[in-house]
Amino acid sequence: MSNPFDDIPFDDAHGAAPAPKPAGGGSGIAARAMGARQQPDYLTGLNPEQRRAVETTEGPVLVLAGAGTGKTRVLTTRIAHILAQGLAWPSQVLAVTFTNKAAREMKARIGLLVGGAVEGMPWLGTFHSIGVKMLRRHAEMAGLKSDFTILDTDDQIRLLKQLIQAEGLDDKRWPARQFAMMIDGWKNKGFGPADIPEGDARAFANGKGRELYTAYQNRLKTLNACDFGDLLCHPIRVLKANPDVLAEYQQKFRYILVDEYQDTNTAQYLWLRLLAQRRVSAPTSPLRGGRRSEQSEADPGGGDIGADTPTRLDTVSPTSPQGGGGNAAPPNICCVGDDDQSIYGWRGADVDNILRFEKDFPGATVVKLERNYRSTAHILGAASHLIGHNEGRLGKTLFTDAADPDDPKVNVHAAWDSEEEARAVGETIERHQRDGNNLNDMAILVRASFQMREFEDRFVTLGLNYRVIGGPRFYERMEVRDAMAYFRVVCQPADDLAFERIVNTPKRGLGDASVRLVHDYARRKGMPMLAAAAEIVATEEMKPKPRAALRGVVENFARWQERLDNTPHAELAETILEESGYTAMWQADRSAEAPGRLENLKELIRSMEEFESMRAFLEHVSLVMDAEQNEDMDAVSIMTLHAAKGLEFDTVFLPGWEEGLFPHQRALDEGGRSGLEEERRLAYVGLTRAKRNCHIWFVSNRRIHGLWQSTIPSRFLDELPTDHVDVAEPPTSYGGHGGYGQSRFDRADTFSTRRESPGWRRAQANQTEATRGNWGSRSGIAVERIGYGETDSGFGAGKGSVKGRVIEGELIAKSVADEPSAFAVGDRVFHLKFGNGNITAIEGNKLTIAFDKAGEKKVLDGFVEMV
DNA sequence: CCCGTTTCACTTTTT
DNA sequence: GTGAAACGGG
């Protein structure tokens, strides 16, 4: 990361945060250079606040790191500092992140700082991966064997479905997917079946919620499996129930660091708090010995690093920490986060965790990082003003010294529909590219993934390289999951879910009836299905044809299992796919996807080679569900706003700023005020991804669920400050309709002809009616003069003090008319996009129209006009 | 038991 | 409009 403050004078840093080893006196350049040399290299270039965050190693520390303020740098430097000062061995530092990417990046950067591999940091990883690690060591305490498998959401849902059916419930009425979400929600709070609130338990399946949850947990246990939530819940339970184990970890982890603390959920918080409550006393504990031996195992790892940082590690004994002498020492926990970037409330993240930090850890040092190294003053101004509309913030204001009058303001653009939006974004991208910018420096950040498609379509026709991040994942592809299921059964014969997935894939004549037979037999005898199948094959229970097929399967697996430990695993994997007929199945497939699928299978086997064993590979895949993208090509990135957190781009496009989409209607409905605030934080995240150029788009018409809806600009547009925002004039516009209201529709290019058409007028009228307002023109953003309760839109004075029409909750309802349709079946109508047609059916305000050219479509009545 | 057709739900975000 | 799942005929 290039830091513009790399050359900040050293004295600056000294003033606010004295170095541990004061530099020698003297003011000459040479003396200063000497002083600088004595500073550890890694501290150079940190600003005073960053430095304080790094050097305050003892006691609880909360680092409030705004977007682009060098958060990762602080975290990694802090770890490097702890290691270099000899305050702890690498194995005594617990550092948790949310994503694998963040963990990887942290490892890499610490490696750079400390010099050399950081293999000695076994406890740096995601919450989940560290949870697994703990759980594998103490699996018996959670009623599991240490080689338990980890189920993904898909398996989880299939399992729940079986259970729901087994209860004699209608799985249509009570969808497994929904129940899976409820369970996730409970586990995010650390609730076991006994802990869930009565109301929650009643909410599903006529009050059988708790019963089903219990059944699910039992089933997991017999399958020797865990779902994602268990990876945290089990460790919490183990730690609570076994004080000796807990004490072991509490003493082991001298320093705890947490990234993205604002995203922690209750379970993660509980887990952290358990580990952070250091009870350093208890020298009598019999576990001392155990701990020692454990530690000596880890020490060599630390020694490796010591080789690169000679002085400190040798002289300071890690077993006599400076801060942890007495009883109940304050924990050395350092949480880094930004309450303004908390965007995962919907999956259980609790912003309160960060807001409460000082109460949870009395005497905490709080460091605010507000100096932004990423964006222009305009972007920061826009983002800060927007986020200022949220309440209950810890309150930070980003600033930058790098203000250049040439910096572009944030641009707001309007488009007729999403198609035009994609076209215009494509043009802007090409323009930037012609100006000598890399596509890699540009990104399109959308609210919902369905928005991506239109951009993809457009870019394909333009021949513009693009890359979808967080799109359909490699490990979620059908063929990859099938192959994985084969491997899972081989490694883990009790994995019934995997077995069921592939018994009849490829088709072997083992349909529902046969699988049920095996399933019932297995349940009756309490054995895994594969074992049951082996027994059934030896009996007369099955008709000869399926029996032969099943025998084949059983024999195959027996053979593969034999070879598991004496064959190179990638080779074995290939054999399995070969002998099972799975590869042949796709080779015989004439469909268009088949070659791609075969390619994916090859890629799967190739990536397996990088692992030590098939088991190690399976573990990796279950936790690290992302596949690397090829970074070589120059391409525009398309991703969701959520996926964009932590990234930065020179130019950022933010399409779809319309009510209902952004803020998302569902967030508003289900989350109310706090839902809206989370959406606003999402907008803030989006804006602050941009270094220099930021283009916001909204459209008047968008197709949602297959039918066209008219939309209103997002309220977030109103919340942007005029001084930092420009409304882009259409390039071909022959200026001068500045004074006109409704001018945002006056896109000259494609509409000069259409503007006179009846459909256009109809749509325009419709739009005006919905959003009636005044649109500023010259100086600022197009301002829609609609009040949103108390919201300060930032446009106080001026001629535009038109009385705001408060339509709040009704904003979107506008497009779902409640009055009876003015049309009748058989009417001849005109539609701007589809031309003329006849109405064949009416359903509320949705019309089904047989268009002369476009065929039958469903359309909202606001978009057609009687001919 | 297999395969084609129809139907339905989906569209927030993900470790 | 799309994809998955259910249904019914062969």
Side-chain angles (χ1 to χ4, degrees), chain A residues 96-103 125-132 150-154 156-158 161 171-172 175-178 180-181 184 187-188 227-232 259-260 263-265 267-268 342-349 418 445-454 457 469-473 475-476 478 504 506-516 543 545-546 549 593 622-626 639-645 656 660-671 675 678-679 681-682 685-686 702-709 854-859:
Chain A
V96 272
T97 63
F98 274 85
T99 63
N100 298 295
K101 212 174 104 202
T126 63
F127 278 99
H128 296 277
S129 64
I130 290 173
V132 180
I150 300 161
L151 302 186
D152 61 26
T153 320
D154 213 72
Q156 194 187 357
I157 289 170
R158 282 193 297 145
K161 193 168 182 177
D171 62 315
K172 279 270 179 56
R177 177 171 288 281
Q178 189 193 331
M181 278 165 48
D184 273 349
K187 290 189 175 175
N188 284 340
D227 65 17
F228 263 95
D230 286 338
L231 297 181
L232 266 175
D259 191 16
E260 308 278 19
D263 287 335
T264 46
N265 61 36
Q268 286 155 343
S342 160
I343 54 174
Y344 286 107
W346 51 272
R347 67 170 193 213
S418 44
L445 312 182
V446 298
R447 175 64 183 85
S449 42
F450 73 81
Q451 292 173 262
M452 293 179 180
R453 168 116 115 238
E454 223 136 3
D457 286 352
I469 293 177
R473 293 162 187 232
Y475 292 112
E476 280 167 13
M478 186 216 301
N504 200 30
K507 301 270 187 285
R508 304 187 170 92
L510 294 165
D512 253 9
S514 312
V515 176
R516 173 127 321 195
K543 295 212 181 84
K545 222 156 116 196
E593 313 94 79
S622 57
L623 284 174
V624 188
M625 296 283 281
D626 56 353
M639 70 189 92
T640 64
L641 285 161
H642 284 87
K645 192 165 74 152
L661 177 60
F662 193 34
H664 199 280
Q665 191 57 41
R666 199 156 155 186
L668 262 30
D669 292 345
E670 290 171 12
E678 181 155 315
E679 295 287 293
R681 291 194 289 265
L682 208 43
V685 168
R702 192 172 289 279
R703 197 173 50 195
I704 298 171
H705 301 342
L707 50 95
W708 289 93
Q709 290 196 199
E856 194 170 85
K857 304 270 181 203
K858 279 190 177 177
V859 165

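Quick caveat: nothing in here was measured; it's all calculated off a predicted structure.
- Looking at the side chain of T640(A), the nearest of the listed nucleotides dT12(B), dT14(B), dA6(C) is dT14(B).
- Closest to the F450(A) side chain, of the nucleotides dT11(B), dT14(B), dT13(B), is dT11(B).
- Using a 4.0 Å cut-off, no side-chain N or O of H642(A) falls inside it from OP1 or OP2 of dT13(B).
- Residue I157(A) contributes atom CD1, which lies 14 Å from atom P of dA4(C) at whole-angstrom precision.
- Atoms NE2 and OG1, from H128(A) and T99(A) in turn, are 10.5 Å apart once rounded to the nearest 0.5 Å.
- dT14(B) has no stacking from Y344(A) on its base ring, since the centres under 5.5 angstrom apart and planes within 30 degrees of parallel are not both found.
- Of the candidate nucleotides dG1(C), dT15(B), dT12(B), dG1(C) has the atom nearest to the side chain of R453(A).
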Contact pattern, 5' to 3', of nucleotides 1-9 of chain B - B, S or - by protein heavy atom under 4.0 Å
SSS------

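- Residue contacts for S449(A): at a heavy-atom cut-off of 4.0 Å it reaches the sugar-phosphate backbone alone, with no base atom in range.
- Of all heavy-atom pairs spanning L661(A) and R447(A), the tightest one is O-CG, 3.1 Å.
- Side-chain N or O atoms of D184(A) include none that pairs as donor or acceptor with a backbone N or O of R347(A) at under 3.5 Å.
- Taking atom CG of D227(A) as the reference point, atom C1' of dT15(B) lies 12 Å away to the nearest angstrom.
- Of the possible polar contacts, one joining the E679(A) side chain to the H664(A) backbone as a donor-acceptor pair under 3.5 Å is found.
- The interatomic distance linking Q178(A) (CD) with dC10(B) (P) rounds to 10 Å, in whole Å.
- Within the 3.5 Å criterion, the main-chain N or O of N265(A) finds a donor-acceptor partner in the side chain of Q268(A).
- Remark: P of dT11(B) and CZ of R666(A) are 8 Å apart, rounded to the nearest angstrom.
- Distances shown here put every side-chain N or O of T99(A) at or beyond 4.0 Å from the OP1 or OP2 atom of dT14(B).
- Between F127(A) atom CZ and dT14(B) atom P there is a gap of 19 Å when expressed in whole angstrom units.
- Considering every non-hydrogen atom in both R508(A) and A549(A), the closest pair reads O-CB, 3.4 Å.
- Side chain of D263(A) to backbone of A349(A): no donor-acceptor contact under 3.5 angstrom is found.
- Between dT14(B), dG1(C), dA6(C), one nucleotide has an atom nearer to the side chain of A643(A) than all others, and that is dT14(B).
- Put simply, CD on Q709(A) is 16 Å from P on dT11(B), counting in whole angstrom units.
- Looking at heavy-atom distances under 4.0 Å, H664(A) makes contact with sugar-phosphate atoms alone, never a base.
- Side-chain proximity of K161(A) to dA6(C), dT14(B), dT2(C): nearest is dA6(C).
- dT13(B) and dA4(C) are spaced 16 Å apart, taking the P atom of each and rounding to whole Å.
- Considering only residues two or more places apart in sequence or on other chains, E678(A) meets the salt bridge (charged side-chain N to carboxylate O under 4.0 Å, His left out) condition with R681(A).
- L661(A) places its CG atom 10 Å from the P atom of dT12(B), with the value rounded to the nearest Å.
- With rounding to whole Å, I469(A) atom CD1 is found 15 Å from dT14(B) atom C1'.
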